[in-house]
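Starting from 1, each residue takes its place in the sequence as its number.
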Amino acid sequence: MAYGYSASTDRYLARLRRIEGQVRGLQRMVSENEYCIDIITQMSAVQSALNSVAIGLLEDHMNHCVVHAAKESDEAAHEKIEEATKAIARLIKS
């Protein structure tokens, strides 16, 4: 089964690789004993980038998986909406 993000896989992978590089940069900053606030600033950038990927995935999920489920049945649509709502709640908590 193809998921909603399938058409954007390359874009998501590129973004995640950039985030991975940012995390390696954070590790370097800590190992080189850099200034605390500079490290925290970079952590904020990583969190923002991860949130951006998550929002994109949620949008793809809503536009593909939820729409597909809605065409299938009301029950399937409600299940996908509940699933998305729980995912959003987890994002908000973090």
Working to the nearest 0.5 Å, report the span between [atom1] of [X] and [atom2] of [Y].
X	Y	atom1	atom2	answer
Arg18	Leu13	CZ	CG	11.0 Å
Ile55	Asp60	CD1	CG	12.0 Å
Leu91	Lys86	CG	NZ	15.0 Å
Ile39	Gln27	CD1	CD	11.5 Å
Glu59	Ser8	CD	OG	9.5 Å

Query raised in the report: Are Val46 and Val30 co-members of a hydrophobic cluster defined by side-chain heavy atoms under 4.5 Å apart?
Result: yes
Query - Glu83 with Lys80: basic N within carboxylate O range, under 4.0 Å - result: yes
Taking C-beta and beyond as the side chain, do [X] and [Y] meet within less than 4.5 Å on heavy atoms?
X	Y	value
Met43	Leu26	yes
His68	Lys71	no
Glu82	His78	no

Give me the atom names and distance for the closest heavy-atom approach of [X] to [Y].
X	Y	answer
Ile19	Val53	CD1-CG2, 4.0 Å
Leu58	Ala87	CD2-CB, 4.1 Å
Leu57	Tyr12	N-OH, 3.2 Å

Requested in this report: Ignoring hydrogens and angles, tell me if any N or O in the side chain of Ser48 forms a donor-acceptor pair with the backbone of Ala45 under 3.5 Å.
Outcome: no
**Report entry** Any donor-acceptor pair under 3.5 Å from Ser73 side chain to Ala76 backbone
**Finding:** yes
**Report entry** No-hydrogen, no-angle side-chain donor-acceptor test under 3.5 Å, Ser31 and Arg28
**Finding:** no
Report summary line: Applying salt bridge (charged side-chain N to carboxylate O under 4.0 Å, His left out) to Glu72 and not counting sequence neighbours gives none
**Report entry** Other residues, nucleotides, ligands: >12 heavy atoms within 6.0 Å of Asp38 CG
**Finding:** yes
Query raised in the report: Are there more than 12 heavy atoms of other residues, nucleotides or ligands under 6.0 Å from atom CD of Glu32?
Result: yes
